[in-house]
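Before any comments, here is the structure.
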Amino acid sequence: MSHPANGDTAIVVGGGIIGIACAHYLSEAGLQVTVLDRGKIAGACSHANCGFICPSHVLPLTEPGAIKVAFKSLFNRKAPFRVKPQLNPAFWNWMWQFARRCHHRQMLESGRHLKAILDASMSEYRRLVVEEEFDCDWQERGLLYVLETEHGMQEFAKTDQILSNEFGVPAQRIDSEELKTFEPALKTGLAGAFHYPHDTSLRPDLLASQWSERLRKRGVKFQENCPVHGVGSNNSLVNHLATSTGELKADYYVFATGAWSRRLSRELKCSIPVQPGKGYSVTMTPPNPSPAHPMLFPEHKVGVTPFADRYRIGSMMEFVGYDTSIPERRISQLQSSAASYLNTPTSNDVYETWYGFRPMTWDSLPIIGRVPKLQNVYLATGHNMLGMSLATATGRIISELVTRQTPHIDPAPFSPSRFN
């Protein structure tokens with residue numbers, strides 16, 4: 001295709017935080033952008049996650065021991081990381097490919113790629129939050145990893161050493177006797193914590209609503225409840241999308257379709273090995289006392305985020321297909337996990353219980369770039385558990401690739417071509 005001209009058109013399919021970010025940077029580059037979503041803008045996995053923007057999350061899910069944890073979960077419905085037995089060849093191929101990568105060398109290699117995009121995204125966030133004056137509960141209090149047991153503390157110390165030595169991600173170690181002073185909302189008697197001061201947090205729904213509203217005012221069009229039923233292509237170009245409102249045409253197409261991306265493999269003529277990883281959260285009024293810091297409890301795989309007038313407990317990782325239920329036992333499990341650490345883990349006024357499907361890739365890296373056989377089609381998906389953290393860098397990379405600019409970081413490790 002020729003070099004994009006000012007005023008060329010782009011359709012972004014998927015109105016989560018990744019799609020919104022892609023629309024921002026494409027619009028900023030001079031393209032006329034339309035965003036389509038099968039439901040509400042930012043109504044799926046972007047809505048009620050914990051809102052961590054976390055460079056400390058350098059290590060991929062494909063770490064040594066992960067497959068053992070997954071196998072044991074087949075027999076434990078309460079496991080925070082759970083794989084449900086299912087008759088799905090694509091899923092078991094995904095699990096096989098995932099298992100092949102659960103070793104130290106692959107973990108470090110993937111981690112280096114993740115560090116590059118995490119750092120780039122954090123830089124973009126710091127710029128955008130100031131320039132756009134987003135009122136999204138942006139907090140720079142770091143992220144506190146709290147350990148209940150001495151064994152947990154010893155094990156996480158190994159992780160911390162890898163983060164520090166291999167990736168230059170520093171933390172402050174806080175021993176048991178210091179922890180209560182550092183974070184008064186925590187119980188006494190916990191083993192300790194590691195504080196990563198360069199992590200931040202925000203409230204996802206506020207960011208998404210404000211960002212999309214700014215883009216509307218700048219001419220970006222948003223169409224909700226507009227599922228895409230088909231992709232029309234002619235040789236190496238897509239020439240239209242068949243949607244619930246009729247055929248829509250553009251010069252460029254970006255698919256930011258999250259956990260549903262694999263369903264587009266045939267029409268986009270490429271493999272998109274994304275599986276849905278289900279997570280949950282419960283949002284309520286802040287308890288008293290409410291934590292001052294966002295926290296993760298690695299031994300229970302649960303996170304807590306205090307907002308200005310909200311409080312959220314979230315996490316879990318379930319491979320259960322597209323099960324849309326919210327089991328009460330999972331919400332209770334989130335709350336009881338927090339009770340192991342916090343003096344007042346919950347309040348009585350619950351605003352929302354929620355689930356979301358994370359788009360999981362078997363190598364823990366996002367899929368960002370042009371699809372191999374279609375010149376005007378790009379993917380921005382597969383962000384695993386880091387969609388909020390990686391949104392800004394992803395949008396910027398997509399814009400740079402579409403407009404033939406030199407990308408600000410090397411996009412090759414994230415290319416869709418690695419699966420084809």
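Because only heavy atoms are used, hydrogens play no part in the values below, and waters and symmetry mates are left out as well, while side chains stay in.
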Can you find a side-chain donor-acceptor pair between [X] and [Y] that sits under 3.5 Å?
X	Y	value
Glu183	Tyr341	no
Thr392	Ser121	yes
Ser389	His57	no
Gln97	Arg101	yes
Asn384	Thr361	yes
His47	Glu352	yes
Ser56	Tyr145	yes

Heavy-atom count around Asp309 CG within 6.0 Å, excluding the residue itself: above 12? yes

Within the supplied structure, the quantity of interest is the number of heavy atoms (other residues, nucleotides, ligands) at a distance under 6.0 Å from Glu132 CD; does it exceed 12? yes

Any donor-acceptor pair under 3.5 Å linking the side chain of [X] with the backbone of [Y]?
X	Y	result
Ser337	Gln333	yes
Gln106	His103	no
Ser27	Val33	no
Gln275	Phe319	no

Arg203 to Tyr351, cation-pi by 6.0 Å centre distance and 45° axis angle: no

What verdict does the salt bridge (Lys or Arg N to Asp or Glu O under 4.0 Å) test give for Arg396 and Glu28, after you've listed the backbone C-alpha separation in whole Å, the side-chain angles of each residue and the deciding distance to 0.1 Å? CA-CA 10 Å; Arg396 184 174 170 186; Glu28 200 173 56; over 6 Å; no

Fit a plane to each ring of His113 and Phe414, take the angle between them on a 0 to 90° scale, and name the class: parallel (under 30°), tilted (30 to 60°) or perpendicular (over 60°). perpendicular

Any Lys/Arg nitrogen of Lys84 or Asp323 sitting under 4.0 Å from an Asp/Glu carboxylate oxygen of the other? no

Using 4.0 Å as the upper bound for N to carboxylate O, is an ion pair formed by Glu140 and Arg126? yes

Please walk me through it: do Asp137 and Arg310 pass salt bridge (Lys or Arg N to Asp or Glu O under 4.0 Å)? CA-CA 10 Å; Asp137 219 342; Arg310 298 283 192 280; over 6 Å; no

